[in-house]
Amino acid sequence: MGVVSAASVLNHLLAKKIIPSKLPTDPRSLTSAILSLLRKDDLKRAVSLLFQSTVPVPFSLYSRLFRVCSDRQAILEARKVECHLITFNPTPPTFLLNRAIEAFGKCGCLADAQELFEEMPRRDGGSWNALITAHAQWDRVDKVFRLFLRMGRSGFAATEVSYAGVLRCCGMVREACLARQVHGVVLKCGFGENVILQSSLVDIYGKCGLIEDSRRVFDEMDRPNEVSWNVIVRRYLEAGNAREAIFVFFEMIRKGKCPLNFTVSNVLIACSRVLAAKEGMQIHSYAAKVCLDSDEVVCSSLICLYLKCDELEDAQMVFDQPSAKSVVSWTSMVSGYALTGRIEKARELFDEMPERNIISWNAMLAGYIGCKKWDDVLNFLHRMLSVIEHVDHVTLSLVAKIAAGLGDIVMGKQLHGFVYRLGYSSNLFVANSLLDMYGKCRNFKISRVLFEQMNQSRDSVSWNSFLASYARHGMSEHAMAIFGEMHWETMLSEFTCGTLLAACANTSSLSYGKQIHAFMLRNEYDIDVVVRGAFVDMYSKCRCIDYGLKVFKEAALRDIVLWNSIILGCCYNGKAREALKLYKLMVKDGAKPDKVTMQGLLLACVLEGRVDLGRSLFKSMSKVYSVIPRVEHYELMVRLYSCHGRIDELETFIKTMPFDPTAEMLKMILKACRKRGLLRMEKWASNLLTGLRMKL
DNA sequence: GTAGGGTTAG
């Protein structure tokens with residue numbers, strides 16, 4: 001503290017010395033005094049010195065002052081400089097007034113910029129450009145388009161600068177048709193080689209969803225610069241083509257271009273999307289080489305990558321760097337732990353956070369929701385709402401997810417009212433969440449109304465969720481009908497197909513299912529592990545297990561759900577022996593069985609009469625795979641023993657069960673005992689069953 | 001010395 005105060009006193013004295021009590025009277029010493037203050041980064045003093053002085057200064061100094069005002073977004077100083085300029089120069093040169101317009105624009109004071117422009121005695125092309133740029137910087141789209149037309153009518157030819165402003169606005173409105181027209185005009189004006197305009201075009205096509213056109217413009221560029229590379233990487237990432245984003249990034253490095261921190265960040269996000277840990281690590285070491293590995297933005301993306309790829313130590317290592325500690329990276333850590341199920345660790349970090357914002361709170365809440373620990377979810381939500389000041393659209397959709405998860409339509413309706421009151425009802429993200437919530441709560445009446453209300457704004461997410469709400473509740477005909485309307489308005493995604501396949505499975509519509517399969521193959525859809533699982537499920541439920549097995553065997557990647565689908569599918573289609581064979585393959589593949597797998601396997605044992613295998617599988621459940629046996633598993637064991645006449649073992653098994661036998665078990669036991677004339681046990685089971693029925 | 005890109009966490 002002592003050092004700091006001494007330094008500030010010293011600075012004070014030094015500053016005093018530079019500004020004499022009497023203002024300099026000759027322009028030369030005034031200029032040098034102002035320049036020396038500017039060098040000391042003291043814009044405020046420099047401007048007040050100028051403002052108090054009645055001596056005119058060289059035009060170059062005004063220009064420099066305006067520029068510093070622009071950089072600092074110092075509107076008060078900018079106004080003072082303009083005031084001095086017009087007071088002591090009866091006819092200020094146009095280029096200086098243009099600088100003033102620029103400064104006002106940079107400060108966001110568009111009214112000042114506009115006023116000065118309208119009052120200028122003479123304007124040149126630069127004046128028009130300055131005003132267009134000012135409005136473009138603040139995304140005043142229609143203002144820019146109007147000014148551009150007015151400029152032409154006033155007899156000034158648009159320059160590259162004017163087009164830069166116009167193109168930025170084209171990117172804002174995302175109108176593909178407009179973008180193509182402006183592209184044509186830019187080429188016609190002979191500005192086709194301008195790297196800034198070219199980068200803008202790459203950007204606009206990407207923003208309009210025309211990634212191929214974007215790539216074409218990029219490929220036609222003679223000398224793309226760092227910004228151009230950044231744009232193309234970013235657009236590929238946004239178009240959902242993370243692989244191409246990574247590929248283009250490596251191309252950039254190969255060509256010896258040094259990426260911006262944002263480009264490194266973008267490519268790391270691309271890596272985390274496709275879990276490309278290896279490429280991510282290569283990029284990490286490259287970032288270290290060019291000293292970008294301590295950059296705040298890069299660090300946050302690195303943490304996100306490592307956590308998504310389950311490389312906890314690496315994530316922690318990046319986070320431990322002092323330069324990486326920011327709200328964003330804290331939130332990345334919390335979110336990474338929360339979304340990978342390490343919820344306690346996430347909460348620990350969350351509680352340690354030096355500051356939190358709405359995103360941090362949302363990340364933690366999303367983590368609890370992901371674990372489906374509804375008590376914890378509600379507790380946390382309660383605390384969250386009592387601490388934070390404002391919720392945002394993400395919070396609202398998370399709450400919709402909670403209501404959907406709990407099946408709590410009352411909570412859902414309350415939320416809906418809340419959304420209206422907060423003015424979020426036109427937010428598509430929130431509306432889609434509400435639609436999903438009503439669908440999951442089986443309130444088709446409201447979800448239909450909501451869907452109709454959204455007819456101006458709905459997107460493929462809305463359609464998919466509307467479709468899924470019917471498919472999920474076994475209303476497959478409804479789902480099919482929606483599918484019929486859907487393709488007029490939106491693209492069919494892999495997700496749509498997956499949902500439809502589930503509907504086909506539930507209605508045993510083999511021919512529809514096959515059509516979807518053919519449609520996806522014809523159009524080269526990416527058949528990922530989820531869609532593959534839907535195919536296996538559909539074929540097995542449509543009694544066409546051979547197709548199911550074929551689809552399964554073609555899989556490059558098999559997750560536990562896919563294994564479960566095929567094992568259960570085989571059991572239901574009289575191929576229990578095949579199911580047990582698949583189990584061996586599964587163990588070899590290194591997949592870890594879960595409770596559903598075990599259900600399938602025990603069922604296969606029942607069907608195949610493999611009592612010994614069933615017994616050892618049951619024992620291995622908790623010992624080897626740490627899957628705690630549930631009622632379903634106990635029931636299957638009872639079924640295994642009773643169906644295959646192992647009555648002695650059955651008796652011991654029932655005695656060791658941690659709970660009383662269920663009605664289902666007792667019925668099976670009764671059946672087995674009657675078949676074999678085992679009176680004592682039959683009576684025991686029958687008494688217990690009567691007791692159970694009495695309770696009901 | 002005007003003009004392009006980007007805000008990383010849910």
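Model, not experiment: these values are computed from the prediction. To find a chain, count down the sequence lines: A is the first, B the second, and so on, and within it residues start at 1.
- Nucleic acid contact class of A:Cys304 (heavy atoms, under 4.0 Å, all strands): sugar-phosphate only.
- Across all strands, A:Glu160 comes closer than 4.0 Å to base atoms (heavy-atom distances).
- Under a cut-off of 6.0 angstrom, the local environment of CZ in A:Phe250 is crowded, with over 12 non-hydrogen atoms contributed by other residues, nucleotides or ligands.
- The side chain of A:Ser63 lies closest to B:dG1 when the candidates are B:dG4, B:dG5, B:dG1.
- Under the side chain to side chain contact (heavy atoms under 4.5 Å, CB included) criterion, A:Arg356 pairs with A:Phe350, A:Met353, A:Ser360, A:Trp361, sequence neighbours left out.
- Taking atom CG of A:Asp203 as the reference point, atom C1' of B:dA3 lies 13 Å away to the nearest angstrom.
- Proximity note for A:Asn194 (side chain, C-beta onward) versus B:dA3, B:dT8, B:dG4: the nearest is B:dA3.
- Residues A:Phe249 and A:Trp229 keep their aromatic ring centres 6.0 Å or farther apart.
- For A:Phe148 and A:Tyr163, the distance between ring centers is under 6.0 angstrom.
- Phosphate proximity of B:dA9 to A:Lys325: absent, as no side-chain N or O sits under 4.0 Å from OP1 or OP2.
- Residue contacts for A:Lys401: at a heavy-atom cut-off of 4.0 Å it reaches no nucleic acid atom on any strand shown.
- When heavy atoms are screened at a 4.0 angstrom cut-off, A:Asn225 is found touching base atoms of the nucleic acid.
- The side chain of A:Arg168 contributes an N or O atom lying less than 4.0 Å from OP1 or OP2 of B:dG5.
- For A:Asn129 against B:dA3, a side-chain-to-base donor-acceptor contact under 3.5 Å is absent.
- Distance CD1 (A:Ile101) to P (B:dT2): 15 Å, rounded to an integer number of Å.
- Remark: P of B:dT2 and CG of A:Leu97 are 17 Å apart, rounded to the nearest angstrom.
- You'll find that the side chain of A:Val161 is closest to B:dT2, out of B:dG6, B:dT2, B:dG4.
- Which of B:dG4, B:dT8, B:dG5 sits closest to the side chain of A:Val297 comes down to B:dT8.
- Rounded to an integer number of Å, the gap from A:Leu398 CG to B:dA9 C1' is 13 Å.
- Nearest to the side-chain atoms of A:Thr331 among the listed nucleotides B:dA9, B:dA3, B:dG6 stands B:dA9.
- In this structure, A:Asn230 places its CG atom 12 Å from C1' of B:dT7, rounding to the nearest Å.
- Whole-Å rounding puts the A:Ile132 CD1 to B:dG4 P distance at 12 Å.
- Contacts between residues 247-286 of chain A and DNA chain B, counted as heavy-atom distances below 4.0 Å, involve A:Leu260, A:Phe262, A:Ile269.
- Of the candidate nucleotides B:dT8, B:dT2, B:dG5, B:dT2 has the atom nearest to the side chain of A:Arg67.
- A:Ser162 comes within 4.0 angstrom of nothing in the nucleic acid, heavy atoms only.
- Closest of all the heavy-atom pairs between A:Tyr286 and A:Cys258 is OH-CA, 4.1 Å.
- Note on A:Asp392: a base of the nucleic acid sits closer than 4.0 angstrom, heavy atoms only.
- A:Thr133 has a side-chain polar atom (N or O) that falls below the 4.0 Å cut-off from OP1 or OP2 of B:dA3.
- Using bins of under 30°, 30° to 60° and over 60° for the plane-to-plane angle, the ring pair A:Tyr368/A:Phe380 lands in the tilted bin.
- Whole-Å rounding puts the A:Leu305 CG to B:dA9 P distance at 11 Å.
- Looking at the side chain of A:Glu296, the nearest of the listed nucleotides B:dA3, B:dT8, B:dA9 is B:dT8.
- Other residues, nucleotides and ligands contribute only 12 or fewer heavy atoms inside 6.0 Å of the CZ atom of A:Phe247.
- Residue A:Val328 has its side chain nearest to B:dA9 when only B:dG6, B:dG4, B:dA9 are considered.
- Relative to the six-membered ring of A:Tyr62, A:Arg99 misses at least one condition, a distance below 6.0 Å or an angle of at most 45° to the axis.
- A:Met353 places its CE atom 14 Å from the P atom of B:dA9, with the value rounded to the nearest Å.
- Side chain to side chain, A:Arg215 and A:Tyr236 meet the donor-acceptor criterion of an N or O pair below 3.5 Å.
- Phosphate contact (OP1/OP2 of B:dT7, side-chain N/O of A:Arg234, threshold under 4.0 Å): present.
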